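In what follows, every chain begins at residue 1, and chains take the letters A, B, ... in the order their sequences are listed. Nothing here was measured: the structure is a model prediction, and the numbers come from that model.
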Amino acid sequence: GQNIDQPTEMTATEGAIVQINCTYQTSGFNGLFWYQQHAGEAPTFLSYNVLDGLEEKGRFSSFLSRSKGYSYLLLKELQMKDSASYLCAVSALGTTGTASKLTFGTGTRLQVTL
Amino acid sequence: DAGVTQSPTHLIKTRGQQVTLRCSPISGHKSVSWYQQVLGQGPQFIFQYYEKEERGRGNFPDRFSARQFPNYSSELNVNALLLGDSALYLCASSLAANQPQHFGDGTRLSIL
């Protein structure tokens with residue numbers, strides 16, 4: 001099976017930097033995704049890591065270490081609109097090798113304050 | 001370009017009834033996945049379809065079934081509805097099975 005852990009809640013100040021960690025255990029690892037979900041809305045794709053290292057996309061960066069089963073999402077220059085849940089999701093190949101099952105963590109609820 | 005579209009947006013059913021949810025993927029996407037999300041939890045994987053074949057199934061009872069059509073749209077069917085089936089049902093599409101998935105706005109299903 002798969003197990004994904006991320007903090008339940010975090011609070012940060014507008015303009016600051018926040019790092020949301022995610023640890024996972026899985027077999028057949030095929031990639032790690034980060035999604036943003038505002039209350040009452042669908043998840044929105046943020047980033048995708050399949051190899052070790054840092055992927056940067058504007059104010060958002062995501063890091064992956066496959067050997068440690070660890071990822072983080074870094075948000076810079078926080079804005080009030082960044083208040084949302086951030087979901088870590090791990091993709092693993094199915095037994096046929098042709099399909100990927102995406103397993104989500106419970107999400108980290110980030111509150112950005114003034 | 002249109003994103004993933006789902007219908008209906010909201011639905012109210014009673015226990016024991018059956019429901020069909022519909023999803024149209026982003027144009028060019030051949031993989032469609034279904035998820036169930038209850039309040040305070042991350043989405044739970046139900047099914048993945050690719051090229052009209054089931055490629056993955058999560059830990060859901062046989063009351064849940066799905067199919068994908070030649071135009072890559074998909075339907076999720078749930079029979080003998082239970083109160084615990086009340087949730088947001090999300091559809092996501094991707095170019096291929098292991099590519100980033102893009103979600104529709106979901107169907108909020110309430111069981112009375």
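Residue Leu81(B) is grouped with residue Phe64(B) when hydrophobic side chains (ILVMFWY) are merged at heavy-atom distances under 4.5 angstrom, including chains of intermediate members. The hydrophobic cluster containing Leu90(B) does not contain Phe47(B), counting ILVMFWY residues as joined when their side-chain heavy atoms lie under 4.5 angstrom apart, directly or transitively. Both Tyr86(A) and Val18(A) belong to a common hydrophobic cluster when Ile, Leu, Val, Met, Phe, Trp and Tyr are linked at side-chain heavy-atom distances under 4.5 angstrom.
Two rings, from Phe45(A) and Phe103(B), have their centers 6.0 Å or more apart. Between Phe45(B) and Phe104(A), the distance from one ring center to the other does not fall under 6.0 angstrom.
Heavy-atom minimum distance, Gly104(B) versus Ala42(A): O-CB, 2.8 Å. For the pair Tyr48(A) and Pro100(B), the tightest heavy-atom approach, listed with the atom from each and the gap, is CD2-CG, 4.0 Å.
With rounding to the nearest 0.5 Å, the separation of CG in Leu102(A) from CD in Gln44(B) is 11.0 Å. If you take CG on Leu88(B) and CD on Glu41(A), they are separated by 11.0 Å, rounding to the nearest 0.5 Å.
By the neighbour-count criterion of 12 heavy atoms within 6.0 Å, atom CG of Asn59(B) is sparsely surrounded, having that number or fewer from other residues, nucleotides or ligands. Dense packing is recorded around CD of Gln79(A), with more than 12 heavy atoms of other residues, nucleotides or ligands lying under 6.0 Å away. Within 6.0 Å of CZ on Arg57(B) lie more than 12 heavy atoms contributed by other residues, nucleotides or ligands.
Of the listed residues (His102(B), Gln37(B), Arg108(B)), the greatest number of heavy-atom pairs within a distance under 4.5 Å of chain A belongs to Gln37(B).
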